[in-house]
Amino acid sequence: MSAETFTRRSPAVVWLAENGALAALVVLAVALSLLSSDFLTVTNLLNVGVQAAVTAILAFGVTFVIITGGIDLSVGSVAALSAIVLAWSATDAGLPWPLATLLGLAVGLAAGLVNATLIAYGKLPPFIATLAMLGIARGLALVISQGSPIAMPEAVAHLGDTIGSYLPVPVIVMVVVGLITSVILNRTYVGRAMYAIGGNEEAARLSGIRVDRQKLITYALSGLFAAVAGIVLASRLASAQPQAAAGYELDAIAAVVIGGASLSGGKGRAFGTFVGALILAVLRNGLNLLSVSAFWQQVVIGVVIALAVLLDTLRRRTTI
Amino acid sequence: MSAETFTRRSPAVVWLAENGALAALVVLAVALSLLSSDFLTVTNLLNVGVQAAVTAILAFGVTFVIITGGIDLSVGSVAALSAIVLAWSATDAGLPWPLATLLGLAVGLAAGLVNATLIAYGKLPPFIATLAMLGIARGLALVISQGSPIAMPEAVAHLGDTIGSYLPVPVIVMVVVGLITSVILNRTYVGRAMYAIGGNEEAARLSGIRVDRQKLITYALSGLFAAVAGIVLASRLASAQPQAAAGYELDAIAAVVIGGASLSGGKGRAFGTFVGALILAVLRNGLNLLSVSAFWQQVVIGVVIALAVLLDTLRRRTTI
Amino acid sequence: DTDTSGGGGPVKLGMSVSTLNNPYFVQLRQGAEEEARTRGAQLTVTDAQNDASQQVNQVQNFTSQSMKAIILNPVDSDAAAPAVKAADRVKIPVIAVDRGVNGAEVAQTVASDNVAGGRLAAQELAEQMGEKGEVAVLEGVPGTSAARERGQGFTEGIKAFPGIRVVAQQPADFDRTKGLDVMTNLLQSQPGITGVFAQNDEMALGAIKALGAKAGQEVKVVGFDGTPDALKAVQAGTMAATIAQQPRLLGKQAVQAAIKAAGGETLGKTVAVPVKVVTKENVAEFVS
Amino acid sequence: MSLVQVRGLRKTFPGVVALDEVDLDLNPGEVHVLLGENGAGKSTLIKMLSGAYQPDAGEIRVDGEPVRVHHAGDARRLGIATIYQEFNLVPELSVAENLMLGRQPRRFGLLDRGRMYARAAELLKRVGVDVDPRTPVGRLGIARMQMVEIAKALDLNARVLIMDEPTAVLTTSEVERLFAIVRQLRDQGVAIVFITHHLEEIPQIGDRVTVLRDGRSVAEVRADTAENELIRLMVGRPIDQQFPRKRGTPGEPLLRVRALGRRGAFKDVSFEVRAGEVVGMAGLVGAGRTEVARAVFGADFHDAGEVLVEGRRLPPGDVSAALEAGLGLVPEDRKGQGLVLGADVGENLGLVTLGRTSRAGFVDRAGQRTAAAAVAEQLGVRMSGLDQEVRTLSGGNQQKVVIGKWLLAEARVLVLDEPTRGIDVGAKVEIYQLINSLTASGHAVLMISSDLPEILGMSDRILVMARGRLVGELTGRAATQDAVMALAVTEVEDAHVR
Ligand SMILES: Nc1ncnc2c1ncn2[C@@H]1O[C@H](COP(=O)(O)OP(=O)(O)OP(=O)(O)O)[C@@H](O)[C@H]1O
Ligand SMILES: Nc1ncnc2c1ncn2[C@@H]1O[C@H](COP(=O)(O)OP(=O)(O)OP(=O)(O)O)[C@@H](O)[C@H]1O
Ligand SMILES: [Mg+2]
Ligand SMILES: [Mg+2]
């Protein structure tokens with residue numbers, strides 16, 4: 001039987017799974033640079049990077065969850081809560097900023113662990129558990145902040161700055177977090193276990209993988225990344241907003257799925273997610289540059305998202 | 001052989017699957033009537049009914065989709081679009097209201113068909129296809145209405161009235177739609193096919209079920225129900241709002257899942273969905289009656305949703 | 001259902017705020033709560049989360065709580081009518097605050113006119129720009145009444161200045177982050193911009209962040225609402241002006257009116273709480 | 001003239017030629033056996049008759065008319081019914097509804113439950129399965145699922161009935177019942193395609209045999225052809241001994257099970273397995289063997305008794321503990337519990353050892369890869385490479401991967417639940433030899449099987465279960481087909497009933 005043909009194909013599949021999205025991104029970028037002379041400038045591309053950062057960081061965390069076959073709707077709220085806790089404890093409670101930052105991250109981690117506990121041990125559907133957390137985290141953010149923005153401590157706010165004129169910190173953070181995600185997914189036990197659980201939970205269990213414990217780690221990571229995203233977001237504004245990142249969960253999930261992951265689990269890549277986040281950011285940036293009317297923007301975004309993924313699926317079908 | 005043990009058991013399972021949610025609702029209602037003397041009054045319960053109506057109608061449509069293992073994020077936007085089209089064509093375009101109403105319903109149907117086509121033939125993940133439609137429908141609603149609310153035609157607006165003092169039309173519509181849903185799911189070929197597809201799509205296909213065609217019908221129904229919900233909503237306000245029902249998709253999906261459906265498909269019931277929608281409405285109503293502070297409300301809602309489903313899953317585990 | 005609280009107790013008032021996602025309305029609520037406390041009234045505040053139908057629900061719920069009067073801060077002026085009618089049926093007076101109600105009678109409307117505010121903003125911005133130059137407008141959530149009316153007022157107002165061109169109108173959904181991102185992007189396509197009108201302060205503050213050093217120098221930014229952060233920015237000179245609606249005062253007067261109405265008094269149809277242009281000169285009066 | 005004629009059929013999957021130049025003739029009143037190694041293309045062939053796949057070339061004629069079978073509906077209209085190798089049941093739906101899936105009886109366009117359950121009851125009676133038609137299929141044992149599949153196909157009253165390895169999961173008694181049904185249909189003039197890896201079944205039920213090798217039809221012979229000849233045709237070489245069991249002297253007991261029980265499943269089950277020993281476990285379907293196996297491995301909880309591995313007591317329901325103690329389980333449901341179908345061969349082979357080979361949380365990819373390659377080599381897994389998706393392996397090769405997983409993990413005690421289910425003679429012998437080498441090197445094997453010749457041929461001792469209880473043990477001369485069956489049907493108080 002023609003074995004060697006297999007070896008030729010299987011990487012091709014992998015390549016496509018990622019690059020369907022990449023192709024879409026390229027097409028989009030080319031189109032925009034033709035439509036607007038302002039698109040393909042260094043500064044603008046840096047802007048796009050900065051604007052993609054928060055969604056991307058959230059999406060990296062969600063990637064873990066989606067690979068295990070779960071979903072996390074709480075990341076937006078958790079991001080806001082973490083930032084608020086940080087700003088509040090540094091400003092009103094007067095903690096030194098490093099402690100405050102740790103506290104902010106801890107909050108994200110904790111939220112993730114609560115999600116995981118409800119899912120792994122309470123056997124709640126991830127959708128419900130994280131939907132509940134979406135409300136709870138947002139509510140707590142409002143309670144703590146009394147609904148008004150809180151200034152971020154100077155030292156932390158530098159996370160929103162640009163080093164020199166060409167090195168925006170949010171972009172650096174995004175890239176670092178992305179690399180970490182990729183390493184976790186490809187090289188660590190935790191990461192491989194995520195794929196196994198998403199691919200066939202029972203088989204994973206019968207192979208000695210402690211499914212519940214792994215889920216705990218998975219959602220904890222998602223929560224932690226959300227905290228990072230929230231802090232970066234707040235730093236960009238130098239102020240933590242109780243309503244920040246509202247609705248970002250859908251963007252994050254969309255980025256992951258556009259990146260080639262499957263909501264039924266077992267598939268997904270850091271790079272794909274990254275591309276997915278970029279597509280969304282490029283799109284929004286382009287619409288501003290072309291000053292498309294407010295009403296039409298939502299239509300265009302919808303159409304382009306559909307086309308982007310369609311391009312991917314069609315290519316996959318025609319090639320295989 | 002253990003056949004008879006099954007007979008004793010399987011109805012119990014079915015019963016629980018529904019009544020876990022029902023139990024939660026009862027507990028909630030009892031708690032509220034103890035906490036607030038205003039809760040257990042005829043008028044208030046009618047209010048709850050009216051307030052549940054729109055979510056419930058949306059959720060009935062989403063139930064079909066979720067049973068097939070899909071998801072529909074577009075129902076909120078589609079509801080708004082249908083209402084806007086109705087109001088616009090009756091007011092600005094001067095169509096007679098019956099025609100305008102048909103047009104509004106047709107729009108919902110069409111949106112559903114587009115979703116289905118992208119999913120069944122374009123092989124898009126339902127999440128992406130309907131997320132795109134979420135943006136597109138909302139955008140079109142804004143474009144058509146130019147961002148301003150449009151008055152509903154008198155005749156249609158009666159859908160928001162109360163017949164006599166104890167018969168709110170929205171409640172009637174909700175009940176009727178619910179019964180239709182139940183009949184479709186339990187007694188019709190289409191309904192049974194939905195369960196088959198959600199339970200094992202390949203088996204369904206190999207058993208001669210035209211999976212793609214059935215999906216078309218499924219999403220079309222979801223869109224149609226969304227249109228009905230949108231029209232009822234607009235009638236309550238006597239005006240069609242371009243921003244109406246924003247974010248309702250999550251409520252609708254939550255109602256379905258609280259009602260015992262599984263996002264992986266194959267499970268779900270009209271009655272369960274109904275109970276799920278009631279839980280959400282009772283909760284919001286109760287929080288207002290108890291005048292819980294706005295910030296805490298989101299927290300409480302989150303906690304109660306988690307508890308409601310937890311109660312369900314725990315019961316199921318202890319019994320089986 | 002009859003009065004459960006008993007005539008002797010404190011006056012029960014219900015207040016449905018369009019949203020508490022926005023510091024402006026948070027202040028509105030604070031103003032109301034302070035006044036209620038001083039007057040010994042029992043005030044219940046709910047958050048409609050910018051959802052007109054949820055607001056109707058909340059008013060219905062107030063009626064079943066047999067409130068003595070209801071303060072309504074409409075999510076949308078048209079969509080509020082059924083809510084008011086619902087209260088009417090059980091003879092509970094309704095006070096509209098910050099936005100009027102179309103298509104139904106309220107006991108009194110305590111409002112500061114958004115359209116007028118928009119005009120003022122246009123005027124102030126134009127003057128500070130020397131009546132010439134290119135302007136970008138940051139719009140609120142499309143389809144919301146605030147976005148509509150402020151936009152309308154501004155467009156009308158800016159017509160008076162032929163030297164000024166509106167070169168871009170983009171939505172930033174009343175959100176500070178979006179204000180930052182959208183402004184950043186606009187600066188690429190419209191580097192010539194010398195003026196920005198943001199339909200609320202949050203977006204204005206985001207835009208200022210995007211403008212960096214240019215804010216207050218080459219580029220004048222005018223916001224709307226007069227939130228504490230905005231007032232700080234005006235003091236710092238980064239924000240050219242904001243249209244202060246004195247939300248606290250709105251809340252205060254709404255509660256006063258509500259208590260009167262609850263007592264059976266008939267009130268004048270409208271109380272106009274003036275919108276004020278806050279600039280570096282007069283900002284001191286507003287920061288308390 | 002034959003009812004169905006297949007001429008020059010060709011089917012390729014990306015990178016594989018699954019079928020090429022295949023001819024097949026099906027005559028009414030004849031049972032046509034398809035024979036071939038795992039991956040020879042049997043299932044692919046019948047899937048093109050049933051409309052699941054479209055051929056790339058060649059033609060299919062029914063009654064001499066060339067036809068195109070685009071989907072299951074077309075097949076049904078042509079009177080072709082198929083029992084697939086993979087289960088095609090909807091777990092959430094009732095047995096009755098699965099039986100009539102897509103054809104549920106209706107009145108005024110509405111589902112007629114009464115008639116559906118009545119009809120289902122008849123069908124179940126006909127295949128001799130006693131289960132309430134309202135039972136969700138997901139709750140049946142795997143063997144009863146197979147009987148449901150058969151009943152489902154019978155309901156179509158087809159002219160052509162295709163059965164892809166229907167006996168793979170059945171015990172002797174069900175096989176007998178199935179054969180009775182098949183003969184009856186044959187005599188009614190139905191053309192039957194019968195795929196099996198149990199060569200002894202061929203003369204019992206078959207009339208003609210078409211042998212496939214590497215996707216080509218290499219021969220068409222009479223069903224009474226000698227086994228060795230059939231083997232030579234399908235494998236390309238003769239196989240001298242079908243059950244090459246080498247018995248050694250058993251060492252000290254590695255696995256001890258004492259009075260194990262779980263309410264509603266099984267009751268005081270006690271036995272031990274010694275180093276270098278193969279203990280077979282026989283019984284009728286639903287005897288509870290799988291439950292026992294899963295409980296021993298910690299996949300399910302047990303509420304009575306204890307499991308000891310090398311003297312150490314295992315906590316109930318703790319897979320990881322069992323694993324560390326050196327226990328391994330090859331589950332009966334390969335796809336559902338044994339494999340991550342979407343992952344590649346390498347990943348699946350390394351699943352168990354993933355954890356223990358990791359250093360500081362980082363997996364040892366290179367090491368895992370080489371180890372996996374070695375095992376794949378040793379088992380002769382038919383694949384294009386370690387990165388082939390397991391889903392696309394043929395049934396037999398998938399099973400080898402599941403076993404390989406445990407070889408890699410160096411489990412000292414292996415519990416094999418139906419290890420050769422759906423595996424061709426060639427591969428079977430390889431697996432038997434594997435079992436030999438394992439026991440020779442001091443491993444202990446507990447082998448659950450519904451294939452009596454296999455049990456008799458391969459085990460040193462035979463345990464027999466009936467109705468959730470251990471009803472006897474047979475060794476040496478005493479172990480005969482009749483003895484085992486006699487025990488398997490002993491009347492004991494049913495441990496299933498709560
Ligand atoms: N969906 C698929 N994609 C790729 N290759 C496939 C697919 N299905 C089958 N194959 C390949 O086609 C060949 C024939 O597979 P098939 O399942 O027909 O074998 P089989 O004779 O039924 O084997 P078994 O006796 O184990 O069931 C195998 O090499 C298999 O790997
Ligand atoms: N998931 C399940 N839930 C409840 N009962 C089950 C389940 N699976 C099997 N059973 C029942 O438990 C008993 C044991 O079934 P099982 O198929 O495991 O027996 P077995 O001896 O392993 O049969 P096989 O020959 O298929 O291995 C049977 O009565 C079966 O109907
Ligand atoms: Mg096969
Ligand atoms: Mg078994």
Side-chain angles (χ1 to χ4, degrees), chain A residues 1-17 67-69 180 182-214 217 221 260-268 316-320, chain D residues 12-18 39 214-215 294 297-299 318-324 328-331 333-344 347-348 350-365 368 382-390 392 402 405-406 409:
Chain A
M1 194 175 39
S2 46
E4 65 295 339
T5 48
F6 254 128
T7 27
R8 249 192 281 110
R9 158 171 163 248
S10 147
V13 177
V14 175
W15 189 85
L16 271 169
I67 287 175
T68 62
I180 294 175
S182 165
V183 170
I184 292 180
L185 285 178
N186 296 314
R187 294 239 175 269
T188 69
Y189 174 71
V190 177
R192 303 319 298 171
M194 290 174 185
Y195 284 101
I197 292 170
N200 181 344
E201 188 162 330
E202 181 63 7
R205 199 171 71 84
L206 292 182
S207 304
I209 293 174
R210 292 217 158 82
V211 173
D212 291 347
R213 185 185 300 172
Q214 293 307 321
I217 299 175
L221 279 171
S262 145
L263 285 174
S264 46
K267 279 168 65 225
R316 218 171 295 175
R317 258 190 302 174
T318 50
T319 328
I320 296 173
Chain D
T12 59
F13 294 103
V16 209
V17 182
D214 290 348
R294 287 176 58 87
F297 183 65
D318 183 346
V319 172
S320 316
L323 222 123
E324 276 138 32
L329 170 73
V330 174
D333 179 0
R334 196 179 300 147
K335 290 196 165 83
Q337 302 171 345
L339 296 164
V340 181
L341 289 171
D344 65 27
E347 291 263 357
N348 275 281
L351 210 50
V352 180
T353 45
L354 192 63
R356 59 181 87 147
T357 57
S358 311
R359 295 266 163 282
F362 285 84
V363 291
D364 168 16
R365 285 173 126 200
Q368 285 274 74
R382 196 102 141 321
M383 59 175 184
S384 60
L386 286 177
D387 50 18
Q388 179 177 349
E389 213 178 273
V390 168
T392 64
V402 182
K405 183 165 78 172
W406 293 108

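Naming convention: chains lettered A, B, ... in sequence-line order (proteins, then strands); numbering from 1 in each chain.
- Interface remark: Phe13(D) contributes no atoms to any contact with chain A (heavy atom separation under 4.5 Å).
- For the residue pair Gly208(A) and Ser320(D), the shortest heavy atom distance occurs at O-OG, 3.7 Å.
- At distances below 3.5 Å, at least one donor-acceptor pair connects side-chain atoms of Asn200(A) with backbone N or O atoms of Gly336(D).
- For a residue to count as touching a neighbouring chain, one of its non-hydrogen atoms must lie under 4.5 Å from one of that chain's; by this rule Val319(D) touches chain A with the side chain only.
- By number of non-hydrogen pairs under 4.5 angstrom with chain D, the leading residue of Val183(A), Asn186(A), Val190(A), Ile184(A) is Asn186(A).
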> Hey, mind stepping through Arg192(A) and Glu347(D) against side chain to side chain contact (heavy atoms under 4.5 Å, CB included) and telling me if it holds?
Replying inline: CA-CA 9 Å; Arg192(A) 303 319 298 171; Glu347(D) 291 263 357; 2.3 Å; yes
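- Closest approach of Ala203(A) to Gly338(D), counting heavy atoms only: CB-C, 4.1 Å.
- Counting non-hydrogen atoms of other residues, nucleotides and ligands closer than 6.0 Å to CZ of Arg213(A) gives a total of 12 or fewer.
- Look at Arg294(D) and Glu202(A) and you find a salt bridge, because one of the NZ, NE, NH1 or NH2 atoms lies within 4.0 Å of a carboxylate O, short of that distance.
- Contacts between Ala299(D) and chain A at a heavy-atom distance below 4.5 Å involve backbone atoms as well as side-chain atoms.
- The OH atom of Tyr189(A) lies 14.0 Å from the CZ atom of Arg359(D); values are rounded to the nearest 0.5 Å.
- Interface residue Leu354(D): backbone and side-chain heavy atoms are both found under 4.5 Å from chain A.
- The most heavy-atom pairs under 4.5 Å with chain A, out of Val402(D), Leu351(D), Leu323(D), Asp364(D), come from Leu351(D).
- Lys405(D) touches chain A through its side chain: at least one heavy atom from C-beta onward sits under 4.5 Å away, while N, CA, C and O do not.
- Comparing Gly342(D), Ala409(D), Gly361(D) by heavy-atom pairs within less than 4.5 Å of chain A, the highest count is held by Gly361(D).
- For Asp318(D), the part sitting under 4.5 Å from any heavy atom of chain A is the side chain, from C-beta outward, and nothing else.
- Closest approach of Thr188(A) and Val363(D) over heavy atoms only: C-CG1, 3.8 Å.
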